[in-house]
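Report on one structure; see the data block that follows.
All values derive from a computational prediction rather than experimental measurement. For the numbers below, each heavy atom of this structure counts, side chains included, while hydrogens, waters and symmetry mates do not.
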Amino acid sequence: MILEEEGVFGDVTSDEWPFYLLPLDDDIISMELPEFYRDYFLEGEQRWIGTVARSLNLLNTIFGPMSKVYGIGRCAKMTYEMWKELLEDEEVVQKERKPDLGLVFMIDRDVDYITPMCSQVVYEGLVDDIFRIKCGSVEFGPEVTSSDRSVKILLNSQDKVFGEIRNEHFSNVFSFLSQKARNLQSQYDKRRGMDIKQMKTFVSQELKGLKQEHRMLSLHIGACESIMKKKTKQDFQELLKTEHSLLEGFDIRECINLIEEHINRQVSPIESLRLLCLLSLTENGLIAKDYRSLKTQYLQSYGSEHLLTFSNLKRAGLLTEQTPTEALTAVESRVGKLVTDKAVGKLTDAFSSLAKKSHFRGISKKLGLIPRVDGDYDLKTPRDMAYVFSGAYIPLSCKIMEHVLVRKSWAGLEEVMRLLNNIEFSEQLTERNSFQDSYRTIVVVFLGGCTFSEISALRFLGKEIGYRFVFLTTAITNSARILESMTETKS
């Protein structure tokens with residue numbers, strides 16, 4: 001339109017650069033669309049679905065043909081339908097060649113909100129939570145570099161030190177780094193007894209790599225120290241304990257008191273919202289009395305401009321209020337006439353929890369999301385994906401994938417799907433090819449963003465069951481990013 005107004009439209013040749021996929025690492029491809037989450041899951045805006053479908057088509061053209069697709073969620077279904085149309089439009093007769101990618105698994109972010117709302121404790125997740133990894137790179141400030149300037153580095157498998165600690169639980173990282181420092185020192189010490197020829201070889205071949213590794217090591221040690229300071233300052237252990245209680249369904253009243261204290265101490269508006277959302281998601285909505293009380297306290301602590309934020313969270317299903325069934329309310333009012341006022345309060349709580357049994361509890365029980373362990377969970381040699389949350393919880397999104405991949409169908413998940421109130425599908429894209437090993441490489445498509453904890457969990461699962469996962473996500477996300485996109489004020 002502007003070119004026409006200027007009278008030069010006829011002289012201009014326009015072209016489009018389809019900038020869909022951005023490889024952040026060997027197995028992570030991001031579309032860098034952080035706005036996708038709010039646009040689709042809050043506003044119902046579908047403009048990005050075509051972009052995701054074309055991205056999948058591009059991957060399929062280069063590394064396919066992919067043979068089968070599994071998906072869960074309404075957005076996943078729409079994206080798949082659009083991709084199918086693109087495949088039909090092309091109708092290129094593809095020669096029988098060995099595909100690099102076999103299966104596709106598509107999942108909507110709203111299938112599993114609980115995982116991004118939990119505190120991340122794997123190293124890469126913690127770095128993202130505290131320093132914010134943007135487009136595969138992170139900026140470490142003076143507190144990490146021990147100098148007066150900041151340093152920006154790429155975080156991927158090219159960094160040998162990071163490659164070995166990224167998926168580790170934070171409690172194991174320090175011991176690994178100190179061992180690495182000792183190994184580096186012994187490699188440096190080798191040069192002491194060298195003659196001229198050996199020294200020349202050492203300087204030309206090894207020294208540069210050692211110096212680079214040494215630099216990265218000191219940065220990661222600095223980052224660990226900074227994380228330790230921040231996490232102990234905010235009563236991190238107390239918060240983790242509260243999260244674990246919410247996930248397991250224990251001491252809910254005590255957890256609510258702790259969340260109230262968090263809000264009233266004005267620790268952080270986003271952190272307080274995260275705990276409120278986790279409480280609502282695990283309890284399948286807050287009972288009306290608690291919802292009103294916590295909302296009022298939050299608005300008094302952080303400002304009434306957050307009213308719109310609460311409205312958004314309700315619409316997205318992150319922070320909701322329970323509506324007790326009429327039958328129970330009637331019983332409650334009859335019983336209420338027979339007992340004292342003090343007892344009525346306790347009865348209201350009991351009836352409300354009966355009125356709407358938490359869906360999360362049902363799903364958790366069905367899929368075994370909370371591991372039963374005798375004694376302490378071994379974080380050094382983990383035996384399941386729960387290690388990414390200190391052994392307290394297996395990410396729901398990852399558990400669903402494991403179930404489908406092991407059974408090669410959605411069979412046995414009917415009850416879980418009913419509780420999730422979502423649609424699932426599986427379709428054969430091409431005739432079964434003769435390259436069975438390509439089925440071991442799976443493209444996991446997260447619509448609405450995925451967390452580093454989920455990536456670590458699936459990498460672990462891949463090693464356990466012999467699959468290789470390649471992640472295609474609209475963006476890397478975490479609790480803060482999701483909640484900031486819902487916030488109407490800049491907190």
Side-chain angles (χ1 to χ4, degrees), residues 31 33-49 51-53 70-82 105-118 247 273-274 276-286 309-322 356 358-364 366-367 369 393-401 403-404 410 413 416-425 444-451 453-455 457-458 471-487:
M31 299 177 69
L33 292 174
E35 58 270 45
F36 182 103
Y37 174 73
R38 183 184 167 110
D39 283 357
Y40 180 82
F41 293 100
L42 180 64
E43 314 285 358
E45 168 73 68
Q46 295 171 11
R47 61 184 167 151
W48 298 116
I49 287 174
T51 311
V52 181
Y70 296 102
I72 174 168
R74 287 165 183 80
C75 184
K77 182 75 175 160
M78 272 195 281
T79 307
Y80 170 68
E81 294 297 339
M82 193 171 265
F105 199 112
M106 302 164 79
I107 185 166
D108 284 12
R109 184 67 276 169
D110 68 350
V111 169
D112 175 15
Y113 273 145
I114 288 181
T115 302
M117 289 300 143
C118 295
L247 291 165
L273 266 189
R274 180 178 73 79
L276 284 174
C277 290
L278 193 59
L279 171 67
S280 166
L281 291 161
T282 49
E283 290 296 295
N284 207 37
L286 302 177
T309 306
F310 275 85
S311 162
N312 289 346
L313 291 169
K314 205 168 190 172
R315 269 167 61 200
L318 279 161
L319 181 52
T320 54
E321 185 179 359
Q322 283 182 13
K356 206 164 188 186
S358 165
H359 288 179
F360 174 70
R361 300 273 172 261
I363 293 164
S364 175
K366 199 90 184 145
L367 291 173
L369 297 181
Y393 160 71
I394 297 171
L396 170 59
S397 52
C398 305
K399 191 68 182 176
I400 290 173
M401 279 180 225
H403 188 101
V404 173
W410 289 98
L413 284 175
V416 172
M417 289 306 125
R418 190 183 63 74
L419 290 170
L420 281 170
N421 189 23
N422 237 314
I423 51 171
E424 85 287 348
F425 61 93
V444 183
V445 184
F446 280 95
L447 298 152
C450 85
T451 64
S453 294
E454 286 165 312
I455 291 174
L458 286 171
F471 305 94
L472 170 60
T473 176
T474 50
I476 296 290
T477 195
N478 59 15
S479 56
R481 289 190 186 98
I482 287 176
L483 294 170
E484 280 163 12
S485 70
M486 291 283 160
T487 309

Can you list everything that forms a side chain to side chain contact (heavy atoms under 4.5 Å, CB included) with Thr79? Sequence neighbours excluded, please.
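In terms of side chain to side chain contact (heavy atoms under 4.5 Å, CB included), with neighbours along the sequence ignored, Thr79 is linked to Ile49, Val52, Ala53, Leu56, Cys75, Met106, Leu447.
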Considering residues at least two apart in sequence or located in another chain, which fulfil the side chain to side chain contact (heavy atoms under 4.5 Å, CB included) criterion with Arg47?
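If we apply the side chain to side chain contact (heavy atoms under 4.5 Å, CB included) test to Arg47, skipping adjacent residues, the hits are Asp39, Glu45.
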State, with a plain yes or no, whether a side-chain heavy atom of [X] is found less than 4.5 Å away from one of [Y].
X	Y	value
Leu276	Leu313	no
Tyr40	Arg74	yes
Leu458	Phe471	yes
Leu396	Leu420	yes
Asn312	Thr487	no
Thr473	Val445	no
Ile114	Leu278	yes

To check you understand the geometry: which heavy-atom pair defines the closest contact between [X] and [Y], and what is its length?
X	Y	answer
Asn478	Thr451	CA-CG2, 4.3 Å
Leu483	Cys277	CD2-SG, 3.9 Å
Tyr37	Ala316	OH-CB, 4.4 Å
Asn284	Gln322	O-CG, 3.5 Å
Lys314	Thr320	O-CG2, 3.9 Å
Leu247	Arg361	O-NH1, 3.1 Å

How long is the gap from CG on Leu279 to CG on Leu286, to the nearest 0.5 Å?
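Answer for the CG-CG pair, Leu279 versus Leu286, is 4.5 Å.
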Between atom CG of Leu369 and atom NZ of Lys399, what is the distance when rounded to the nearest 0.5 Å?
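Here the rounded value is 7.5 Å.
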What residues form a salt bridge (Lys or Arg N to Asp or Glu O under 4.0 Å) with Lys366, not counting sequence neighbours?
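So Lys366 forms no salt bridge (Lys or Arg N to Asp or Glu O under 4.0 Å) with any residue.
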What residues, two or more places apart in sequence or in another chain, satisfy salt bridge (Lys or Arg N to Asp or Glu O under 4.0 Å) together with Arg481?
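In terms of salt bridge (Lys or Arg N to Asp or Glu O under 4.0 Å), with neighbours along the sequence ignored, Arg481 is linked to Asp128.
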Return the set of residues passing side-chain hydrogen bond (donor to acceptor under 3.5 Å, both in side chains) with [X] (not counting sequence neighbours), or none when no residue passes.
X	value
Arg315	none
Asp112	Thr115, Ser397
Tyr70	none
Arg274	Ser119, Glu243, Glu271

Is the distance between the ring centroids of Trp410 and Phe105 under 6.0 Å?
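Ring centres of Trp410 and Phe105 closer than 6.0 Å.
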With sequence neighbours excluded, residues passing ring-ring contact (aromatic ring centres under 6.0 Å, His included) with [X]:
X	answer
Tyr393	Phe389
Phe310	Tyr298
Phe446	none

